[in-house]
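Following: one structure in structure tokens, then a few remarks.
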Amino acid sequence: MSSATWRQFFSFNKYSQITARAVRQSLKETERAAAEKRGLTALRYQNWENGKGGEQVYLNPPETPVGKGTPAV
Amino acid sequence: MLARSSQAFARAAATQRLAAAAPPNARNMATLRELELRLKSVRNIAKITKSMKMIASTKLAKAQRAMQAGKQYGDANSEVFNHTSTEEQPKRKLFIVVSSDKGLCGGIHSSVTKATRRAFAGEEQEAPDADSPIMVIGDKSKAQLSRVLGQNMVLTFNQIGRDIPTFADACGVADLIVKSDVKYDVVNIVYNKFVSALSYEAGVYVVMNEHGLKEAPGFKAYEMEDDVTKDLAEFSLANAIFAALVEGHACEQSSRRNAMDNASKNAGDMIDSLTLQYNRGRQAAITNELVDIITGASAL
């Protein structure tokens with residue numbers, strides 16, 4: 001469609017990822033398990049200014065916090 | 001075992017002799033103990049490198065299959081761009097350096113870093129602008145490049161390559177590049193090309209940006225809408241990044257397997273020479289003890 005309203009919010013790549021996620025979630029159980037693996041990404045990125053790196057940011061923040069846990073006792 | 005019993009025997013014999021005879025013996029035993037410790041540590045390292053090699057070989061098989069499938073995306077891209085070459089030389093090139101976070105994999109990180117530095121020095125082609133932006137995927141190359149071309153770095157990515165890279169990774173990278181609003185005329189993706197299971201070499205994918213596509217004479221013939229051209233440019237960037245990621249991943253696994261294979265061989269050689277030394281030392285100690293006892297016995 002030529003007058004798509006999604007263009008003002010995100011790029012085509014993000015659009016294709018969203019549709020791919022919808023297709024994966026609609027598959028049958030057996031195919032879904034294999035397909036979910038193809039949609040995983042743990043990407044982290046950081047912006048650089050003047051040869052200095054900024055903070056590392058997760059693209060998809062993981063639900064459970066990684067690492068920092070307190071011991072039981 | 002035999003070594004321990006001979007040492008106990010030597011210790012028992014030493015206590016019946018004068019103190020002056022003990023120090024040379026003690027020195028021999030210290031060397032034997034050192035050799036034993038060294039042998040033990042080299043054997044452990046050999047076990048680790050052998051197991052790493054096994055893991056890398058199994059991962060290589062899977063990575064090669066993924067590479068065959070993923071390269072189709074990159075080839076399809078190249079087909080489009082082969083027919084849409086522009087006349088003017090692009091000056092502002094965005095370099096995307098594709099590598100990985102983990103070490104112990106031979107020279108893949110330095111191969112890509114060196115190729116980027118050669119491109120900036122302008123050896124094969126015309127040198128790009130001195131402030132051409134660089135984006136790096138992978139911590140190891142990031143560390144190497146930040147020392148040399150740190151001022152040009154704009155964005156870096158990591159946590160890719162733990163498993164086979166997915167198209168979601170490539171889309172995420174392409175999306176962030178587009179969102180970061182970096183200005184460029186053309187994209188050069190520097191990656192490791194898989195030549196064979198034993199060797200690799202640095203290669204470059206060239207991806208045009210939206211403007212370049214629009215101006216290309218072969219493309220103008222189709223009269224596409226601007227929106228769709230922008231989509232195609234972004235999608236082809238994601239395609240090229242995906243092809244580079246999977247091929248780089250396969251190269252990493254093959255390189256790690258070769259490196260660990262060499263390390264295991266070297267460790268095996270070290271174990272052989274150390275064992276010979278140890279046995280020689282052990283036999284010398286036993287012979288010395290025997291000589292002492294016999295001369296002592298003959299004196300009585």
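Protein chains get the first letters and strands the later ones, always in sequence-line order, with residue 1 at the start of each. Values below: every heavy atom of this structure, side chains too, minus hydrogens, waters and symmetry copies.
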Examine distances only and state if a side-chain atom of B/Asn192 and a backbone atom of B/Gly248 form a donor-acceptor pair shorter than 3.5 Å.
no

Measuring heavy-atom distances to chain B, does A/Leu43 have an atom under 4.5 Å in its side chain, in its backbone, in both, or in neither?
both

From the list B/Thr166, B/Asn152, B/Thr156, the residue making the most non-hydrogen contacts under 4.5 Å with chain A is B/Thr156

Give me the contact list for residues 134-146 of chain B versus chain A, heavy atoms only, anything under 4.5 Å, ordered by residue number.
B/Lys142, B/Ser146

Those residues at least two apart in sequence (or on a different chain) that pass side-chain contact (heavy atoms from CB on, under 4.5 Å) with B/Lys62 are B/Arg65, B/Asp163, B/Ile164

Under 4.5 Å from a heavy atom of chain B, the part of A/Gln46 involved:
both

Only pairs of heavy atoms separated by less than 4.5 Å count here; which of B/Ala168, B/Pro165, B/Gly150 has the most with chain A?
B/Ala168

Is there a side-chain hydrogen bond (donor to acceptor under 3.5 Å, both in side chains) between B/Asp175 and A/Gln17 once you walk through the steps?
CA-CA 10 Å; B/Asp175 195 33; A/Gln17 285 302 295; over 6 Å; no

Ring geometry between A/Phe10 and A/Tyr15 (parallel below 30°, tilted from 30 to 60°, perpendicular above 60°)
parallel

Looking at A/Asn13 and B/Phe235, what are the two nearest heavy atoms and their distance?
OD1-CA, 3.8 Å

Looking at B/Gly70 and B/Ala243, what are the two nearest heavy atoms and their distance?
O-CB, 3.9 Å

Residues of residues 18-39 of chain A under 4.5 Å from chain B (heavy atom pairs)?
A/Lys37, A/Arg38, A/Gly39

Would a distance-only check, ignoring hydrogens and angles, find a side-chain to backbone donor-acceptor pair under 3.5 Å from B/Ser255 to B/Glu252?
no

Which residues satisfy the side-chain contact (heavy atoms from CB on, under 4.5 Å) test with B/Lys193, sequence neighbours excluded?
B/Tyr191, B/Glu201, B/Glu247

When every non-hydrogen atom of B/Ala63 is compared with those of B/Ala250, the smallest separation belongs to CB-CA, 3.9 Å

Does A/Lys14, at its NZ atom, have more than 12 non-hydrogen atoms belonging to other residues, nucleotides or ligands within less than 6.0 Å?
no

Does some side-chain heavy atom of B/Asp169 sit less than 4.5 Å from a side-chain heavy atom of B/Val173?
no

Quick check on B/Lys214: does its NZ atom have over 12 non-hydrogen neighbours (other residues, nucleotides or ligands) under 6.0 Å away?
yes

Taking side chain as everything from C-beta outward and backbone as N, CA, C, O, which of these in B/Leu155 sits under 4.5 Å from a heavy atom of chain A? Side chain, backbone, both or neither.
both

